[in-house]
Amino acid sequence: MRAALLWYLLFPGVFAAVVFAQDVDPLHLTGKQLLGIAVAICGAVLMSVGTQYQSRGLNKVEQLTQESAATGLSGAHVKRLMSRPSWLSGSLMLALAVCLQIVALSLAPLVVVQPLGVVALVVTAVLNAKMSGIRLPKRVRSAILLCVIGVVVFVTVAAFTARDVRVKDQQLITILAIFAGSVLLLIAAISLLRKKPNPLVYVIGAGILYAFVATLAKTVISRFQQGDVEVLTWIAVACLILGAALGMIYVQNAHSCGPPDLVIAGLTVIDPLVAVLIGILVLGEASSAPWWAFVMFVISGAVALFGVLTISKFHPQVGKNSLEIT
């Protein structure tokens, strides 16, 4: 696939830019940092394969129950999913991918690890095309490349201009308030979509939820390490669990009416963009950034989002559930 080839050609240069942004000599990366990079890549591959197996498992359950899950998982769906080997295997792989991501972040800087996640988008596109026997249109291949470029440029600019800050109580309260508002809106959206499922909305919803999960997880881990554990921290833990659960529901609904490529696009594009925006707007991580950085944030973010929109519009599997295919 040309998109995959271009990514492999682009990645060394992009990775070098990110590393230099952290004042790390790429020729003298420590063994710990190199291990973090390897762990992050393994996590990305696991995310790709896990998403593919989850999608296959859900589609098989839909065929067995003769009921689409696009309008919401029923009791029959959940019962059969719990005994479906492919879905359980995919869920286990995704859980391991999350664990590997956390390990990678403990070994290497965030902006070195995070761009590696977009490897999952390319791997998923190739894997899904082979497993489903479809040929991706040129527009979709180009859109995948746009997603990759947009995310990596966005994170690279953030690496050069943003700074890590400690999350204060008032800022955490603001994040929790925004999270609560987002949850209410997303629950309302999923209720409205029961009659007319839209994979793009499900994907964007999952990306937003997992962005909050990542932000809250980083905050909670930091507070536990500093011994700053009080009521607000436990509220953040509860919101983290709620966000992960709702995100899983959105992902399953997206699998029912959209391809794995689109699901991964949402998780690897929307997630980091929203997470960085929270850091900029709420935490003030880019308060000292020059004007051109904000211009690049807008342009690169728009490019990545355009890639997701293009995938949602032109991917041959979008809008078709397993009942219609068979």
Side-chain angles (χ1 to χ4, degrees), residues 3 6-7 10-11 13-24 40 44 101 105 108-122 142-168 171-172 174-175 177-179 181-182 185 200 203-219 264-312:
L6 285 173
W7 163 240
L10 284 170
F11 179 74
V14 173
F15 175 70
V18 175
V19 169
F20 277 119
Q22 291 296 305
D23 295 325
V24 177
Q101 184 74 1
L105 288 172
L110 174 65
V111 291
V112 173
V113 171
Q114 195 165 17
L116 298 173
V118 292
V119 173
L121 178 55
V122 179
S142 299
I144 292 173
L145 182 61
L146 287 177
C147 290
V148 171
I149 293 175
V151 169
V152 175
V153 171
F154 191 96
V155 176
T156 302
V157 174
F160 274 100
T161 59
R163 55 188 176 84
D164 197 17
V165 298
R166 183 179 180 276
V167 181
K168 300 177 182 177
Q171 293 171 323
L172 179 54
T174 301
I175 293 173
I178 297 174
F179 171 75
S182 299
L185 289 175
L200 182 59
V203 165
I204 292 175
I208 292 173
L209 288 167
Y210 282 124
F212 278 103
V213 168
T215 302
L216 291 172
K218 177 183 177 182
T219 302
I264 285 294
L267 298 181
T268 59
V269 174
I270 307 298
D271 180 344
L273 294 187
V274 173
V276 172
L277 283 175
I278 293 173
I280 293 174
L281 300 177
V282 179
L283 303 180
E285 291 181 345
S287 58
S288 59
W291 65 268
W292 60 262
F294 293 96
V295 174
M296 289 303 298
F297 284 143
V298 173
I299 294 175
S300 58
V303 167
L305 290 174
F306 179 76
V308 175
L309 291 172
T310 303
I311 294 173
S312 71

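Note that this is a predicted model, so its numbers are computed, not measured. Just the heavy atoms: all of them, side chains too, but no hydrogens, waters or symmetry mates, feed the values below.
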### Message
Can you tell me how far apart CG (Leu305) and CD1 (Ile204) are? Round to the nearest 0.5 Å.
### Response
7.5 Å

### Message
Testing the basics here: between Ser300 and Val153, what is the closest heavy-atom pair and its distance to 0.1 Å?
### Response
CB-CG1, 3.8 Å

### Task
First locate atom SG of Cys147, then atom CD1 of Ile264, and finally report the distance between them rounded to the nearest 0.5 Å.
11.5 Å

## Note on the structure
Output for pair (Ile149 CD1, Ile144 CD1), nearest 0.5 Å, gives 12.5 Å

### Task
Could you tell me whether the side chain of Thr219 reaches within less than 4.5 Å of the side chain of Leu172, counting heavy atoms only?
yes

### Task
Might you confirm whether atom CZ of Phe294 has over 12 heavy atoms from other residues, nucleotides or ligands at distances under 6.0 Å?
yes

### Task
Please name the pair of heavy atoms, one in Phe212 and one in Ile178, separated by the smallest distance, quoted to 0.1 Å.
CZ-CG2, 3.6 Å

### Criterion side-chain contact (heavy atoms from CB on, under 4.5 Å) on Val274 and Tyr210, from CA distance to verdict
CA-CA 9 Å; Val274 173; Tyr210 282 124; over 6 Å; no

### Message
A side-chain contact here means heavy atoms from C-beta on lying under 4.5 Å apart; do Leu209 and Phe179 qualify?
### Response
yes

### Task
Evaluate the criterion side-chain contact (heavy atoms from CB on, under 4.5 Å) for residue pair Val151 and Val303; output intermediate values, then yes/no.
CA-CA 8 Å; Val151 169; Val303 167; over 6 Å; no

### Query
Hey, which of Phe154, Trp291, Trp292 is the one that makes ring-ring contact (aromatic ring centres under 6.0 Å, His included) with Phe297?
Phe154

### Query
How far does CG of Leu145 sit from OG1 of Thr310, to the nearest 0.5 angstrom?
12.0 Å

